[in-house]
2 protein chains.
Amino acid sequence: MGRWEPDARGRLMAAAIELSLEHGFEQTTVADIAARAGLTERTFYRHYADKREVLFAGPIDLHALLAESIAAQADSTSPIDAVATALDSVSGLMQQNREGSRLRQRVIDANPMLRERELIKLASLGAAMADALRARGVTDPTASLTAEAGIAAFKVGFETWVNDATDAHDLQHHVSECFDRLKAVTAGR
Amino acid sequence: MGRWEPDARGRLMAAAIELSLEHGFEQTTVADIAARAGLTERTFYRHYADKREVLFAGPIDLHALLAESIAAQADSTSPIDAVATALDSVSGLMQQNREGSRLRQRVIDANPMLRERELIKLASLGAAMADALRARGVTDPTASLTAEAGIAAFKVGFETWVNDATDAHDLQHHVSECFDRLKAVTAGR
DNA sequence: GTGGTGATGTCAGTCTGTGACATCACCACC
DNA sequence: GGTGGTGATGTCACAGACTGACATCACCAC
């Protein structure tokens, strides 16, 4: 793997996951990751802003996807349904790589610093959805609350999905079920 | 401020907030903070696990407070109401220091790393509430979703509270209002 | 084949965080 | 009033995360 092999970013990400699964994320140094990818530490930081980011920078822009999905829906659609639909399309993309998600999640769950990064990524997606809702005239705090509620449903649904050893249902099903439960819960049931 | 002045922790926290307001959190080094508190960098790390923690380690154990509040409520109380009541008591404590909260929040909002830490602290409080709900027989994913929904309401309510220049309402009012909005939102309104 | 361009390498440096050990103030006990 | 224990603090050395400045390399257009 020489200096000019293609897809340096992808190699770095793969190396980071491999090494973290083997020895843990903390025990893996950036120099280790770069070396396995055939690169140097300095080059790692040209591709990723910091060590944790290598596990979170996916190929698709979920912010844009969510924003466009919400913007595209009929004006008559309620905010919560718009959010549910947007997250459903994201779920559709994610579940194409269930095993990859499981490996990645195993690394993240084992490290508090990575959990922090995961939470701010989710919060950032929530902020994008809240913006999209405001753009269609939903006022605050309703816009923020709807987005946050959606993120909560997605988070819990995703967790159930990666931990479900039976593979009985897909991510969309789990998230959709969480939306239903959330509606029941806030109704006092 | 010599070596054995009392309340080293409090001095470090005050120094951190002061310096962060003056020059920004990033620009402030741990050595700077320790020096203003009349201590050394090494001693800072004996009181706080890392640089960010100095802004988040409060004197009261909110986890225990939330757990006890939820456990103390009547069995007939619905999960969402139990969570709302628990967060109401936390709000009661917080609003005794509105100006302090505003200064602290100004520092946090200006720094993404601090926002990360804030989110994991909130998530941790949510996990404590979910545990308390499970202890009273609420099953998953309802327990997790209820706790997450409560955190969402608290988060948005808190934000409104610190940014409300009129001081017209207290934190409890804002959070309670967010719970009501949340119920309306998930009902499709 | 020449020059420009973007990706990579090299090097030096700051800051965060930690282990090991020394020092200091205070307190209990004789 | 000395003496030893205890906990908080200081000192030192060091690994690892990041960054700025500059050099080098592969490739492509002309």
Side-chain angles (χ1 to χ4, degrees), chain A residues 1-20 22-57 59 107-108 110-118 120-121, chain B residues 1-20 22-57 59 107-108 110-118 120-121:
Chain A
M1 239 169 345
R3 188 171 180 177
W4 303 99
E5 294 290 319
D7 193 23
R9 276 179 74 90
R11 274 150 54 210
L12 287 167
M13 182 180 299
I17 293 185
E18 287 169 23
L19 291 170
S20 296
E22 290 171 27
H23 313 115
F25 181 77
E26 293 265 19
Q27 284 65 43
T28 306
T29 70
V30 173
D32 293 338
I33 297 169
R36 175 160 304 196
L39 297 165
T40 63
E41 186 177 340
R42 191 67 186 86
T43 298
F44 177 97
Y45 286 108
R46 291 205 178 88
H47 287 280
Y48 297 103
D50 59 56
K51 184 185 173 187
R52 284 174 275 166
E53 197 64 15
V54 70
L55 290 168
F56 292 94
V107 174
I108 293 172
N111 186 287
M113 294 289 183
L114 293 175
R115 300 230 39 236
E116 287 193 5
R117 181 57 54 89
E118 182 182 35
I120 206 168
K121 291 288 178 185
Chain B
M1 236 166 351
R3 188 173 180 174
W4 304 98
E5 295 291 317
D7 193 23
R9 278 179 71 91
R11 274 151 52 209
L12 286 168
M13 181 180 299
I17 293 185
E18 287 170 23
L19 290 171
S20 297
E22 291 171 27
H23 313 116
F25 182 76
E26 292 266 16
Q27 286 63 43
T28 306
T29 70
V30 173
D32 291 338
I33 297 169
R36 176 162 302 197
L39 297 165
T40 63
E41 186 177 336
R42 190 67 186 85
T43 299
F44 176 97
Y45 287 107
R46 291 204 177 89
H47 287 280
Y48 298 103
D50 59 57
K51 184 184 171 188
R52 284 173 275 166
E53 196 63 16
V54 68
L55 289 169
F56 293 94
V107 174
I108 293 172
N111 188 286
M113 296 287 184
L114 293 175
R115 299 230 40 234
E116 287 193 6
R117 181 57 53 88
E118 183 182 35
I120 206 168
K121 291 289 178 184

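All values reported here derive from a predicted model rather than from experimental measurement. So that the names make sense, note that chain A is the first sequence line, chain B the second, and so on, each numbered from 1.
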B:L114 side chain near B:F56 side chain, heavy-atom distance below 4.5 Å: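 With C-beta onward as the side chain, the pair touches.
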Output the rounded distance in Å from [atom1] ([X]) to [atom2] ([N]).
{"X": "A:I33", "N": "D:dC18", "atom1": "CD1", "atom2": "P", "value": "10 Å"}
{"X": "B:D32", "N": "C:dC15", "atom1": "CG", "atom2": "P", "value": "8 Å"}
{"X": "A:L39", "N": "D:dC25", "atom1": "CG", "atom2": "C1'", "value": "14 Å"}
{"X": "B:E53", "N": "C:dT18", "atom1": "CD", "atom2": "P", "value": "12 Å"}
{"X": "A:Q27", "N": "D:dA17", "atom1": "CD", "atom2": "P", "value": "11 Å"}
{"X": "B:M113", "N": "C:dC15", "atom1": "CE", "atom2": "P", "value": "16 Å"}
{"X": "B:E41", "N": "D:dC14", "atom1": "CD", "atom2": "C1'", "value": "13 Å"}

Specify the closest pair of heavy atoms between [X] and [Y], including all atoms of both residues, with the distance to one decimal.
{"X": "A:R115", "Y": "A:I108", "value": "CG-O, 3.5 Å"}
{"X": "A:L12", "Y": "A:A34", "value": "CD2-CA, 3.9 Å"}
{"X": "A:Q27", "Y": "A:D32", "value": "O-OD2, 4.0 Å"}
{"X": "B:P112", "Y": "A:I120", "value": "O-CD1, 3.6 Å"}
{"X": "A:V107", "Y": "A:S20", "value": "CG1-CB, 3.6 Å"}

Divergence of helical axes at both termini of the helix from C:dG1-D:dC30 to C:dC30-D:dG1 - five pairs an end, 10° steps: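 Comparing the axis at each end, I get an angle of 0°.
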Output a table of donor-acceptor pairs, distance under 3.5 Å, between side-chain atoms of residues 39-48 of chain A and any protein atom two or more places apart or on a different chain; print 'none' if there are none.
residue	atom	partner	partner atom	Å
A:T40	OG1	A:T43	OG1	3.3
A:Y48	OH	A:R9	O	3.0

Listed partners of B:D50 passing side chain to side chain contact (heavy atoms under 4.5 Å, CB included), at least two apart: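 For B:D50, the residues satisfying side chain to side chain contact (heavy atoms under 4.5 Å, CB included) (neighbours in sequence not counted) are A:M113, B:R52, B:E53, B:R117.
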Residues that A:E22 engages under side chain to side chain contact (heavy atoms under 4.5 Å, CB included), provided they are two or more places apart: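 Once residues adjacent in sequence are excluded, the partners of A:E22 under the side chain to side chain contact (heavy atoms under 4.5 Å, CB included) criterion are A:E18, A:L19, A:R36.
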Interface residues of residues 42-51 of chain B with DNA chain C (non-hydrogen, below 4.0 angstrom):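 Heavy-atom cutoff 4.0 Å gives B:R42, B:Y45, B:R46, B:A49, B:D50, B:K51.
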D:dG10 phosphate, OP1 or OP2, under 4.0 Å from B:T40 side-chain N/O: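 So the side-chain polar atoms of B:T40 do come within 4.0 Å of the phosphate oxygens OP1 or OP2 of D:dG10, strictly under.
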Phosphate OP1/OP2 of C:dC15: any B:T29 side-chain N/O under 4.0 Å: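 Indeed not, no polar side-chain atom of B:T29 lies that close.
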